Amino acid sequence: MKDARYADADERALWHFLRLSAAQLRNKIKEVEEKQAYSPFANRLRMLEALIKEQTPNEDFGSSARQAR
Amino acid sequence: MRILVLQLARLGDIYQTWPVLKALRRTYSGCELHLLTRAKYAAAAPGGGWLDRHWRLDSRDVLAPLVDERPDIGESLERLGRLCDDLRATGFDLIINLSFSPFSSYLTREIALEHSVVRGYTRFDDGYLSIPDDGSAYFYAQAGPGRWNRLHVTDLFAHVAGVELCEEDWSVGRVCEPHVSPTASATVVIHVGASVPTKTLGWGTWLRIARGLAMARDAAVSPRVVLVGSSDDAEIANRIMSDVPENARVTNRVGATDLDGLFRIIAGADLLIGGDSAPVHIASLCGVPVLNISLPTVSFWETGPRSAGSRILPMSSEDAVSPDEIVREAISMLSGQPPVLGVIRVPARDAPYLETSPQPGLFEWRLISALYLGESFPPAPSELFLSGVQRLAEINVLALEQLAQLRLHPDDQTARLILERADEVMEGIARIVPAFVPLLAWFHTERLRMGPVAVGELVAGTEALHGKLADILGLYLSSPDGAVAAGDDFEEYLTGTGGTGHDDIDLG
């Protein structure tokens, strides 16, 4: 069902949902990285965050020094 | 040896990677060669047995669970994880990341094994960006729109991959067998679209170009015109076709071919005209000359055509050159005549572009060449630049003093704050005098490459880097006209900072 929604969603709707996810993901990343040193799980969360960012133009993900140019 | 190349950018980048894939095959005889692309652009991967496996990242599939008021992050992570786990389980000896993106940097960290050599962006153990090789460091600091790099991305990819290209690497074999034209007249293919509108001309301009070519009275050429593009460009093509005279030899193939079909059309052409987009790179692979319309949002130095006989027409705007002038330039190419406009010429695939008129950014390019390629540092371009050198030198002295303090007292917060402020001032100087941007980009990139080392090592490394900056600034301070010949020893001295020991790339 969700896969079908991706196909049907127009760009604005897509960005809305992805930004919603990104916000939740950022909280999760903060929680994980505060508890322990950088882990494979943290890396995977960051990977997903980066993938979302590619699909959402002009998204401000904050000035994280963990992001490449 | 098992090699994975990551090319997660768009169609054009994948085509510009083809020569590097061939070079890897040739250099690592008997290797197992894998390529990872986006599923959306999978059709651009080379066939013909070049690859042992072609992997696909389906971004849409990974992100689909998030398209909901209650996004399922766990499901997305699982889908992403399946690809990562499979890649990691394959076990690569060499991972070459030609994607230069945050996402790809996390991916390479995820899939690299302990023994894997990684070239291109990846991550340190603390999650910070790692740039292990000089080629990627150059890309990070100097490449991209708005910067002054003049090295072509295919050559940069080759440097990152650690291979040297030869003519044979550009030969794509059977995929370039042309569709045989039934007539003897020249064929001009016009690509009417692009990935973004700012990279191409409007439909009205393309119409005038197509009509001008098809109706050319020049007995020596009199070409037929073929329009190509994706299905997204269909409306543009239809508008052009509705205004072209019936007796004009213009054929519309927009949206009517797959990529293999597009290859065959371009391979059979005498000339391709287009903006910065995939068909230009296909023409480069097929050896078909290109008249490349280069608008301001792209850097033709980085992504221009490579086929011999091509010409690049830099245009500050769509109105900068008339369609009639573009037609005349195209006809001059078809009839073997010299350029009529101020174009950049492409003499051969492995030769640098030839300017017929000076292009902007020459000082900055010469500064980059001095920093990375052992060329002489260029004379100062202005008094303002020399004044900036003075200010930077003063800030640099201050920074070195703080670093000396930190060497003795690592917890000195005042010294750290002063260093942060020094960075801000340096950035401010670069905003006032943009000619410093390549120098400071080099500096900041080399500092970034140091990674999560112990404080003592970090301070020592930063001191050494500031020392090199002082030496460069000293070249200008000690020479009134700012012209200094620094030679190969200086280049080696400059590139000796940062990296992880995997680097053996000579950009010279």
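What you are looking at is a predicted structure, and each value in this text was computed from that prediction instead of being measured. Excluded from the calculations below are hydrogen atoms, water molecules and symmetry mates; all remaining heavy atoms, backbone and side chain alike, are included. Chain naming here is simple, since letters A, B, ... match the order of the sequence lines and numbering starts at 1 in each.
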- When you look at A/Leu48 and B/Val62, which way does the side chain to side chain contact (heavy atoms under 4.5 Å, CB included) test go after all the steps? CA-CA 9 Å; A/Leu48 183 58; B/Val62 170; 4.0 Å; yes

- Apply the test side chain to side chain contact (heavy atoms under 4.5 Å, CB included) to residues B/Val67 and A/Phe17: give CA-CA distance (whole Å), side-chain angles for both, the deciding distance (0.1 Å), then the verdict. CA-CA 5 Å; B/Val67 185; A/Phe17 288 123; 3.5 Å; yes

- Message: Is there a side chain to side chain contact (heavy atoms under 4.5 Å, CB included) between B/Ile73 and A/Lys28? Walk through the geometry before answering.
- Response: CA-CA 10 Å; B/Ile73 291 177; A/Lys28 185 69 184 167; 6.0 Å; no

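Both the backbone and the side chain of B/Leu77 have a heavy atom closer than 4.5 Å to some heavy atom of chain A. Only the side chain of A/Glu54 has a heavy atom closer than 4.5 Å to any heavy atom of chain B.
In this view, B/Arg416 satisfies the salt bridge (Lys or Arg N to Asp or Glu O under 4.0 Å) rule with no residue, not counting sequence neighbours. Remark: B/Asp232 pairs with no residue by the salt bridge (Lys or Arg N to Asp or Glu O under 4.0 Å) rule, at least two apart or across chains.
Chosen from A/Asn43, A/Leu20, A/Leu25, the residue pairing most often with chain B at heavy-atom distances under 4.5 Å is A/Asn43. Heavy-atom pairs under 4.5 Å with chain A were tallied for B/Glu110, B/Glu75, B/Arg109; the largest tally goes to B/Glu110. Residue with the most contacts toward chain A among B/Gly81, B/Ser76, B/Cys84: B/Gly81 (heavy-atom pairs, distance under 4.5 Å).
With rounding to the nearest 0.5 Å, the separation of OG1 in B/Thr108 from CE in A/Met47 is 9.0 Å. Taken from CG in B/Leu63 to CG in A/Leu18, the straight-line distance is 5.5 Å, to the nearest 0.5 Å.
A/Gln24 places a side-chain heavy atom less than 4.5 Å from the side chain of B/Pro71.
Taking every heavy atom of both residues into account, A/Tyr38 and B/Asp125 meet most closely at CB-O, 3.3 Å.
A 6.0 Å sphere centred on CZ of B/Arg10 holds no more than 12 heavy atoms belonging to other residues, nucleotides or ligands.
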